[in-house]
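First the structure, in the form of structure tokens, and then the observations on it.
Computed from a predicted model, the values in this text were never measured in an experiment. Quick note on labels: first sequence line is chain A, next is B, and so on, each numbered from 1.
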Protein chains: 2
Amino acid sequence: MSERLITIREMCDEFDVTPRTLRFYESRELIFPLRRDMNRFYGRSDRARLKLILRGKRFGFSLEEIRQLLELYDPTERNVTQTRATIATAHDRLADMERQYDELATAILELRHQIAEGEKWLNSIQTDARQTA
Amino acid sequence: MSERLITIREMCDEFDVTPRTLRFYESRELIFPLRRDMNRFYGRSDRARLKLILRGKRFGFSLEEIRQLLELYDPTERNVTQTRATIATAHDRLADMERQYDELATAILELRHQIAEGEKWLNSIQTDARQTA
DNA sequence: GGCGAGGTTTACGTTCACGTAAGCCCCGAC
DNA sequence: GTCGGGGCTTACGTGAACGTAAACCTCGCC
């Protein structure tokens, strides 16, 4: 299938990150670009993983938590006991995310309400100004 | 109404944080406990604010972003231009949260799928073991 | 009256997730 | 040939969000 490999710069442009960030993620074993004479080349899998990494970060997960989750998405040389552990922690993360989902719904409603209140207050001030004019 | 004031220790127990954390939030002007002869006493407002702070943190917001949001929830001496700015950034945060809400829904579905795949794989291994036995 | 528990300030230490700078290699252009 | 551009490693710096230690005060209690 001749995987389309891209350089670190193309990767950075595509995902809006710095080379330092990609090398850092690699050092933490979150991505595994192909190394050819000292240079890095990123394939489809690396792009998929980076996408998941950035998404995980937006949800407030640490890189270590994300690394554990990535093991689940990656069907490389699975060991049974290892996979069991991965799935167990994945269940925990899933529970976290479901809790966060509900909380987020509540927070969004409350924030909308507060914004509406604030705007109402601003309008009342405007009205006062017009009346006293 | 004789507001029920609680000590720093009670506050810590109620929200599972350390005294250091509460003092730190105070130094960053996120909460404003009453000071009586060198001691801190927390009221209803402080508890409400701390709840919002901890929730904001779970969503990945920085303390500074949270501080700005808190201004919206707090109707103390509002200035018009100030409130306008607060509401503007609140709209941004709201957009962030709505994006995150949608992303989270997708991520949850994908994670559930991956967990199911992992469990299916584990079962297939179990079956192989039985068959080869 | 001493002392332990709980509060306070000040200040340096720590972890995470990178930023930034120094120094080196290699390659294509001028 | 050299020179700039891009990539590499190594290593120290940084901001956020606290942890932790030192040194103090004060209150209730035996």
> Could you walk me through whether B/Ile53 and B/Ile31 pass the side-chain contact (heavy atoms from CB on, under 4.5 Å) check?
Replying inline: CA-CA 9 Å; B/Ile53 293 168; B/Ile31 44 183; 4.0 Å; yes
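- Remark: side-chain polar atoms of A/Thr86 are paired, donor with acceptor, to backbone N or O of A/Gln82 under 3.5 angstrom.
- At whole-Å resolution of the value, CD in A/Glu26 and P in D/dT9 are 7 Å apart.
- Within the 3.5 Å criterion, the main-chain N or O of A/Glu29 finds no donor-acceptor partner in the side chain of A/Arg67.
- When heavy atoms are screened at a 4.0 angstrom cut-off, A/Tyr25 is found touching the sugar-phosphate backbone but no base atom.
- Rounding to the nearest 0.5 angstrom, the gap separating the OG1 atom in A/Thr89 from the CG atom in A/Leu69 is 6.0 Å.
- Of the residues in residues 50-64 of chain B, those placing a heavy atom less than 4.0 Å from an atom of DNA chain D are B/Lys57, B/Ser62, B/Leu63, in numerical order.
- Proximity of B/Arg49 to B/Asp74: side-chain heavy atoms (C-beta onward) are separated by under 4.5 Å at one or more points.
- Between B/Thr21 and D/dA17, a side-chain N or O to OP1/OP2 separation shorter than 4.0 Å is absent.
- A donor-acceptor pair is defined here as one N or O able to donate and one able to accept, closer than 3.5 Å; no such pair exists between the side chain of B/Asn39 and the backbone of B/Arg36.
- Here A/Leu34 contributes atom CG and A/Phe41 contributes atom CZ; the two are 8.0 Å apart, rounded to the nearest 0.5 Å.
- Rounded to a whole Å, the CZ atom of A/Arg67 is 13 Å from the P atom of C/dC16.
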> Can A/Glu110 and A/Gln114 be said to form a side chain to side chain donor-acceptor pair (under 3.5 Å), step by step?
Replying inline: CA-CA 6 Å; A/Glu110 288 184 17; A/Gln114 289 302 324; over 6 Å; no
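- In this structure, CE of B/Met11 is placed 13 Å from P of C/dG7, rounded to the nearest angstrom.
- Going from atom CD1 of A/Ile31 over to atom P of C/dC18 covers 11 Å, rounded to whole Å.
- Nucleotide C/dT15 holds its P atom 12 Å from the CZ atom of A/Arg28, rounded to whole Å.
- Looking only at distances, a side-chain donor or acceptor of B/Glu3 sits under 3.5 Å from a matching main-chain atom of B/Arg44.
- Under the 4.0 Å criterion applied to side-chain N and carboxylate O atoms, B/Glu26 and B/Arg40 are assigned as salt-bridge partners.
- Atom C1' of nucleotide C/dC18 and atom CG of A/Leu30 are separated by 13 Å, given to the nearest angstrom.
- What separates CG of A/Leu22 from P of C/dG19 is a distance of 10 Å, to the nearest Å.
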> For every nucleotide of nucleotides 10-15 of chain D, 5' to 3': is a protein heavy atom under 4.0 Å from its base (B), only from its sugar-phosphate (S), or from neither (-)?
Replying inline: -B----
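- One interatomic measurement links the two molecules: CD of B/Glu65 to P of D/dA16, which rounds to 11 Å at whole-angstrom precision.
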Considering only nitrogen or oxygen atoms on both sides, find all protein atoms under 3.5 Å from nucleotides 5-8 of chain D and state each distance.
from: D/dC8; atom 1: OP1; to: A/Arg40; atom 2: N; distance (Å): 2.9
from: D/dC8; atom 1: OP1; to: A/Arg40; atom 2: NH1; distance (Å): 3.1
from: D/dC8; atom 1: OP2; to: A/Arg23; atom 2: NE; distance (Å): 3.2
from: D/dC8; atom 1: OP2; to: A/Arg23; atom 2: NH2; distance (Å): 2.9
from: D/dC8; atom 1: O5'; to: A/Arg40; atom 2: NH1; distance (Å): 3.2
from: D/dC8; atom 1: O3'; to: A/Arg35; atom 2: NH2; distance (Å): 3.3

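- Panel note: side chain B/Arg58, backbone A/Glu103; no donor-acceptor pair is recorded below 3.5 Å.
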